[in-house]
Amino acid sequence: MMLLEALGSALLGLVLAAVAAHRLAHRLPARSLVFATGVAGSLFGAFVTHSALGPGNVLLTLIGAAVVSIASLSLLLRPAGRLRRRSVAA
């Protein structure tokens, strides 16, 4: 059963990364990094959730995998506009 959770969470991370790469392509780095981050975050989220809740909570494990995958993908986002530096005039 844990193998199915791992495969399901990896597929979920891949889908979330593909959606992020499609919708936010102008704010993300290379696609390979986005896909690797999505899958790795999802697998880590599934591991943590499965360790905390134990076996038999497949839906909650996938929800935990999705949350950690989205959080890790959000760390790759760059600012939308130019950063403005303000100098303080004395």
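In this chain, numbering begins with 1 at the start of the sequence shown. Because only heavy atoms are used, hydrogens play no part in the values below, and waters and symmetry mates are left out as well, while side chains stay in.
- In the hydrophobic clustering of this structure, Leu28 groups with Ile70; members are Ile, Leu, Val, Met, Phe, Trp, Tyr whose side-chain heavy atoms approach within less than 4.5 Å, directly or through other members.
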When the side chains of residues 48-61 are checked against the rest of the protein, which donor-acceptor pairs come out under 3.5 Å, sequence neighbours left out?
residue: Thr49; atom: OG1; partner: Gly45; partner atom: O; Å: 2.7
residue: His50; atom: ND1; partner: Glu5; partner atom: OE1; Å: 3.0
residue: Ser51; atom: OG; partner: Phe47; partner atom: O; Å: 2.8
residue: Asn57; atom: ND2; partner: Leu53; partner atom: O; Å: 3.4
residue: Thr61; atom: OG1; partner: Asn57; partner atom: O; Å: 2.7

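- Here the closest heavy-atom approach between residue Ala17 and residue Phe35 is recorded as CB-CD2, 3.6 Å.
- Cluster annotation: Leu77 is connected to Leu33 through the hydrophobic network of ILVMFWY side chains, with a link wherever side-chain heavy atoms come within less than 4.5 Å.
- Tracing side-chain contacts under 4.5 Å through hydrophobic residues (I, L, V, M, F, W, Y), one never reaches Leu73 starting from Val15; they form parts of separate clusters.
- Shown here is His26, whose NE2 atom has more than 12 heavy atoms of other residues, nucleotides or ligands within 6.0 Å.
- Taking each heavy atom of Gly8 and Leu62 in turn, the nearest pair found is C-CD2, 3.9 Å.
- Hydrophobic clustering (side-chain heavy atoms under 4.5 Å, transitive across Ile, Leu, Val, Met, Phe, Trp, Tyr) groups Leu16 together with Val34.
- The 12-atom threshold is exceeded at CZ of Arg78, counting heavy atoms of other residues, nucleotides or ligands nearer than 6.0 Å.
- The two residues Ser69 and Gly38 make their nearest non-hydrogen contact at OG-O, 3.0 Å.
- For the atom pair Leu11 CG and Leu4 CG, the distance stands at 12.0 Å (nearest 0.5 Å).
- Taken to the nearest 0.5 Å, the OG1 atom of Thr37 stands 4.5 Å off from the CG atom of Leu76.
- For Ser72 against Gly41, the heavy-atom pair with the smallest separation is OG-CA, 3.8 Å.
- Between the side chain of Ser42 and the backbone N or O of Val39, no donor-acceptor pair lies under 3.5 Å.
- Ser74 approaches Ala71 most closely through the heavy-atom pair OG-O, 2.7 Å.
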